Amino acid sequence: MRNPRLASMAMVGSLALLAGCGRAGSADSSLTGPPVLTTISVSVSPSSIQIGQRSSAVATMLDQNGTLFTADVVRWSTASPAIATISVDGALTGVAPGQTRVVAMIGDKQGEAALTVLAPPGPTVTVTPAAFTLPVGRSQQLVVVVRDPGGTVLDGQAIVYMSDNLAVATVTSTGLVNAVGPGSAGISATGAGATGTARVTVSNVAVSAVSIDPSSATINVGQHRAISATARDDKGNVVVGRQIVWTTNNAAVATVTTTGGVTSVTGIAPGTAQIMATCDGVSATAVITVGAAGLR
């Protein structure tokens with residue numbers, strides 16, 4: 001005869017097993033349920049274009065399980081249509097320089113990426129020499145070439161020159177750079193809407209010799225005689241922009257003064273005096289003989 005207690009326990013165990021199987025089935029169903037869009041990522045290639053050029057945007061969608069999700073319709077837009085426009089199939093066109101966001105939307109989900117639009121290349125200006133050194137008082141002619149974006153030389157372009165440091169160097173309307181004082185200056189050349197630059201370094205040149213004109217003269221007491229000095233470098237070139245210091249070895253006979261840029265010797269008393277001109281430590285001497293007043 002069958003034991004009723006054992007039969008009852010077997011029935012309870014069977015019910016528990018069936019309940020457990022039911023819970024496992026429910027968990028599997030939640031993982032494999034209908035796909036739901038959770039994320040959208042956008043890629044733009046190329047991510048940088050010029051005005052008028054094209055680019056492509058692609059949206060990648062994933063569901064709750066990280067599986068690729070497929071949508072029939074993606075709504076495309078750009079944050080700044082004035083910079084770039086986009087078609088219904090994700091084709092981008094550059095409109096103006098700048099950066100904008102490219103947005104893909106499906107329902108209430110969206111993803112985005114950045115697009116940069118660049119201005120097309122314009123003409124270029126090349127200045128030769130691009131860097132050079134000049135002693136004070138010397139000059140250098142610049143050569144300027146203007147080219148279109150394809151590299152073709154554009155002849156007949158008007159060029160405007162400028163120096164950013166006139167105390168160091170000036171530049172003429174024809175591109176001749178003149179060294180004024182020690183230092184560095186940038187020289188710009190602008191033509192066809194583009195600008196090229198050169199840099200000049202100006203250095204002092206050593207004074208090798210000083211000459212006085214006249215080197216000798218005779219004047220009477222009370223008379224004046226103009227006198228000048230010229231400094232030259234070791235190649236005989238005139239050195240400008242340097243101070244000339246004038247002195248006399250006998251102020252009782254003759255004096256020397258500079259007024260308004262003009263230097264003159266004045267006879268004080270009969271006799272002889274040496275008038276000296278010194279520039280950067282280099283000197284020259286002129287002999288001045290002073291006669292009595294009224295002598296011819």
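Given the structure is predicted, the values throughout are model-derived calculations rather than measurements. Excluded from the calculations below are hydrogen atoms, water molecules and symmetry mates; all remaining heavy atoms, backbone and side chain alike, are included.
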Which heavy-atom pair separates Y161 from T174 by the least distance, and what is that distance? CE1-C, 3.8 Å
Exam field: side chain S80 to backbone A82, donor-acceptor pair closer than 3.5 Å: no
How close do A113 and V44 get, counting heavy atoms only, and between which atoms? CB-CG2, 3.9 Å
Testing the 3.5 Å rule here: is there a donor-acceptor pair between the side chains of S264 and H224? no
Donor-acceptor pair, side chain of S87 and main chain of A91, under 3.5 angstrom: yes
Heavy atoms only: give me the nearest P123-A194 pair and the separation to one decimal. O-CB, 3.2 Å
Name of the residue among V145, V144, T195 meeting side-chain contact (heavy atoms from CB on, under 4.5 Å) with V127: V144
Is there a path of hydrophobic side-chain contacts, each under 4.5 Å between heavy atoms, that joins L142 and V180? no
For the atom pair CD1 (I288) and CD (Q274), what is the distance rounded to the nearest 0.5 Å? 10.5 Å
Which residues satisfy the side chain to side chain contact (heavy atoms under 4.5 Å, CB included) test with A96, sequence neighbours excluded? none
For A189 and V125, work out which heavy atoms get closest and say how close. O-CG1, 3.6 Å
Do V282 and V205 land in one hydrophobic cluster if side-chain heavy atoms of ILVMFWY residues count as linked below 4.5 Å? yes
Any pair counted as salt bridge (charged side-chain N to carboxylate O under 4.0 Å, His left out), so long as it reaches residues 189-200, sequence neighbours left out: D164-R199
Is there side-chain contact between N250 and T272, with at least one heavy-atom pair below 4.5 Å? no
Going by chain and number, the hydrophobic cluster around V103 (ILVMFWY, side chain to side chain under 4.5 Å) further includes M105
Looking at residues at least two apart in the chain, or sitting in another chain, which of them share a salt bridge (Lys or Arg N to Asp or Glu O under 4.0 Å) with R232? none
ILVMFWY clustering at 4.5 Å (side-chain atoms), partners of I268: none
Distance col, row F69:CZ vs I106:CD1, nearest 0.5 angstrom, shows 7.0 Å
For Q50, side-chain hydrogen bond (donor to acceptor under 3.5 Å, both in side chains) partners two or more places apart: none
Filter on side-chain hydrogen bond (donor to acceptor under 3.5 Å, both in side chains), then keep only pairs touching residues 122-134, sequence neighbours left out; what's left? none
Side chains of T38 and Q64: do they bring a donor and an acceptor to under 3.5 Å? no
By side chain to side chain contact (heavy atoms under 4.5 Å, CB included), which residues pair with S41, not counting sequence neighbours? T60
Pairwise salt bridge (charged side-chain N to carboxylate O under 4.0 Å, His left out) hits with a residue in residues 202-222, at least two apart: none
Side chain to side chain donor-acceptor pair (under 3.5 Å) assessment of T258 paired with T263: CA-CA 4 Å; T258 301; T263 302; 2.7 Å; yes
Rounded to the nearest 0.5 Å, what separation is found between the CG atom of N249 and the CD1 atom of I275? 7.0 Å
Would you find a donor on one side and an acceptor on the other, under 3.5 Å apart, between the side chain of S163 and the backbone of T170? no
Starting at CD1 of I227, measure out to CD1 of I244 and round the result to the nearest 0.5 Å. 11.5 Å
Verify the cluster assignment for M276 and V265: are they in a single hydrophobic cluster under the rule of side-chain heavy atoms below 4.5 Å apart? no
Same apolar cluster (I L V M F W Y, side chains within < 4.5 Å links), V290/V287: no
Residue pairs involving residues 127-156 (criterion salt bridge (charged side-chain N to carboxylate O under 4.0 Å, His left out); sequence neighbours excluded): R138-D233
Can C279 and V245 be said to form a side-chain contact (heavy atoms from CB on, under 4.5 Å), step by step? CA-CA 7 Å; C279 180; V245 178; over 6 Å; no
Regarding S283 and T278, is there a side-chain donor-to-acceptor distance under 3.5 Å anywhere? yes
Check whether any side-chain N or O of T172 sits under 3.5 Å from a backbone N or O of L176 as a donor-acceptor pair, and report yes or no. yes
Quick one: closest heavy-atom pair of W76 and D89, and the distance? NE1-C, 4.1 Å
Residue pairs, two or more places apart or on separate chains, that pass salt bridge (charged side-chain N to carboxylate O under 4.0 Å, His left out) and touch residues 263-281: R242-D280
Under the rule for salt bridge (Lys or Arg N to Asp or Glu O under 4.0 Å), what residues qualify as partners of R75, not counting sequence neighbours? none
For a quick check under 3.5 Å, do N65 and T67 share a side-chain donor-acceptor pair by atom type? no
Please report the interatomic distance OG(S55) to CG(L92), rounded to the nearest 0.5 Å. 5.0 Å
Note: A84 and L115 closest approach over all heavy atoms is CB-CD2, 3.6 Å
Side-chain heavy atoms under 4.5 angstrom apart, residues restricted to Ile, Leu, Val, Met, Phe, Trp, Tyr: same cluster for W246 and V210? no
S228 OG to I212 CD1 distance, which is reported to the nearest 0.5 Å: 9.0 Å
